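Just so we're on the same page: letters track the sequence lines, and every chain starts at 1. Model, not experiment: these values are computed from the prediction.
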Protein chains: 2
Amino acid sequence: MTGTILIVEDEPAIAELIDVTLKRNGHHTLRASSVEEAIHLIDRALPNLALIDWMLPGASGIDLIKRIRSNKRTQSMPVIMLTAKAGEDDKLLGLYKGADDYITKPFSPRELVARIKAVLRRRAPQLTDDIVETNGLQVDPVTHRVTANGDALRMGPSEFRLLHFFMTHTERVYTRTQLLDQVWGDHVFVEERTVDVHIRRLRQALEKSGYDEHIQTVRGAGYRFSKS
Amino acid sequence: MTGTILIVEDEPAIAELIDVTLKRNGHHTLRASSVEEAIHLIDRALPNLALIDWMLPGASGIDLIKRIRSNKRTQSMPVIMLTAKAGEDDKLLGLYKGADDYITKPFSPRELVARIKAVLRRRAPQLTDDIVETNGLQVDPVTHRVTANGDALRMGPSEFRLLHFFMTHTERVYTRTQLLDQVWGDHVFVEERTVDVHIRRLRQALEKSGYDEHIQTVRGAGYRFSKS
DNA sequence: CTATATTATGACTAATTTGTTACATAAGCA
DNA sequence: TGCTTATGTAACAAATTAGTCATAATATAG
């Protein structure tokens, strides 16, 4: 559930430290030691977040962020910048340049994990482990359970992910394409209509508890989860 | 079950005192009087916890912790630091540098044992000696016995460890990889599907008492032990 | 109210995941 | 050593899930 994090850092020791810290916290990791390598990895599979060192050989971290932000596919990927510089100006500059947050070296593993969690909570709540609840419908990513006023509902993995995404992104219409990207992952090639079928299956799973009402069709646009 | 504890301490008298205390409490011990020696011992067999003196000849305890934390194999080993310094700054620094807890000299054997137990309970509850019990299903790490409402169940060692891990980590899904890491140990290389087979064997062992219901499959995710 | 676009649904097949058994090997013990 | 137990794998069976399509139902513009 906790997604893939790309580490762009050229100092092996630091990269390793970050790597193990993140893995211990249940994240998958990817490592790159240069901007080129990072771009290549991002190209193959969009990470859920990137940690980017400010100082890199060749093109700098700033350049990488610039590139990430200018590409439609990657522009919404959360980015945290790692920097040895502590000057106020630099901090402001770093944020200004498109990072979601920054961490000044040296940092503790605890701080790193906390920052990541904060950014993910804001930018990709479906990747956190928090229990989500709406009017008695509860989704628990840790136990991997859905309950309606206490009793368990059963559904397939895709329906679980779909519901979890909806419940962390309520009151907003998503097109089928957006749902495919967000719930199925980018780079997967399936028909848009497939979403309809899974919506159907999710509704069926929710039907007997009445929560299927929350999954609403928005004609010509897509689907929406509404709390009311 | 109470695992092996590495003592890294150069003062023989103190080392001896700790050694005796721990052995009396059922732990196995390893002793090192320098960082080099400690590294050598850790290399041969990963202890379940390390007690490390802050002040050591040559490289300091801090350096040792740094090394432990930067190696994938050892990074999750719990560490308790022994320090003569009592200043607030040092305490904070010690924790910051990667120790799980610290004990200020002089300390009582009772305190030492309590701290170790606390750290193990937090970091590796399956290593403590406490009897674990759920709805009449009881696992006793000391006698290495499982009983269902009083009468004994028999199962192999792996199934025992698996059950013990589950019962100390209930209501949470674990992937096969996570179970391999936690129950089989790190740097073992076995197939993921092996977990399935042992789950099967564990279920068989629990079957006649009905407790096999607690071992639940979460399709697409892994397995979970549920109390209900 | 009809034509058209859009969505819902059921059925089918393919693909994936898990359960189970059997077997070869290793380890432990008498 | 010979016997028992434990372990890891492979192989096959069973169950579940995923994706696609055809068709029915429904909404909306005009």
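For the pair B:R200 and C:dT20, the criterion of a side-chain N or O lying under 4.0 Å from OP1 or OP2 is met. In terms of phosphate contacts, B:Y223 brings no side-chain nitrogen or oxygen within less than 4.0 Å of OP1 or OP2 of C:dT17. Between B:T217 and the phosphate of C:dG19, there is a side-chain N or O to OP1/OP2 separation shorter than 4.0 Å.
If you measure from atom CZ of B:R203 to atom C1' of C:dT21, you get 16 Å, rounded to the nearest angstrom. Between B:H144 atom NE2 and D:dA6 atom C1' there is a gap of 13 Å when expressed in whole angstrom units. Across the protein-nucleic acid pair, A:I199 atom CD1 and C:dT9 atom C1' stand 14 Å apart, rounded to whole Å. With rounding to whole Å, B:D196 atom CG is found 16 Å from D:dT7 atom P. We find that CG of B:L202 is positioned 15 Å from C1' of C:dT20, with the value rounded to whole Å.
Taking all atoms of both residues into account, the shortest heavy-atom contact from A:S70 to A:R67 is OG-O, 3.0 Å. Considering every non-hydrogen atom in both B:D196 and B:R176, the closest pair reads OD1-NE, 2.6 Å.
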Only distances under 3.5 Å count here; give the side-chain donor-acceptor pairs of residues 199-208 of chain A to other protein atoms, sequence neighbours excluded, each with its distance to 0.1 Å.
unit_1: A:R203; atom_1: NE; unit_2: A:I215; atom_2: O; d: 3.4
unit_1: A:R203; atom_1: NH2; unit_2: A:I215; atom_2: O; d: 3.0
unit_1: A:R203; atom_1: NH2; unit_2: A:T217; atom_2: OG1; d: 2.8

Distance-only check: which donor-acceptor pairs under 3.5 Å involve side-chain atoms of residues 145-157 of chain B, not counting sequence neighbours?
unit_1: B:N149; atom_1: OD1; unit_2: B:Y211; atom_2: OH; d: 3.4
unit_1: B:N149; atom_1: ND2; unit_2: B:Y211; atom_2: OH; d: 3.2

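Legend: residues meeting side chain to side chain donor-acceptor pair (under 3.5 Å) with B:R31, ordered by chain and number and at least two apart, are B:E16, B:D19. Under the rule for a side chain to side chain donor-acceptor pair (under 3.5 Å), the partners of B:T143 that lie at least two apart in sequence or sit in another chain are B:D140.
Residue order along DNA chain C, read from the 5' end via each residue's closest nucleotide, puts A:R176 first among A:R176 and B:G220.
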Could you list the protein-to-nucleotides 25-30 of chain C atom pairs, N/O on both sides, closer than 3.5 Å?
none

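Within the 4.5 Å cutoff, no side-chain heavy atoms of A:I5 are placed close to those of A:I18. A:R122 has its side chain within reach of A:D100: a pair of non-hydrogen atoms, C-beta onward, lies under 4.5 Å apart.
Ring orientation note: the planes of B:H214 and B:F225 are close to parallel, at an angle under 30° on the 30°/60° scale.
Backbone-only contact: A:V218 has heavy atoms under 4.0 Å from sugar-phosphate atoms and none from a base.
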Original post:
Where along nucleotides 11-23 of chain D does protein come under 4.0 Å, by heavy atom, of base (B) or sugar-phosphate alone (S), with - for untouched nucleotides?
Top reply: ----BBSBBBB--

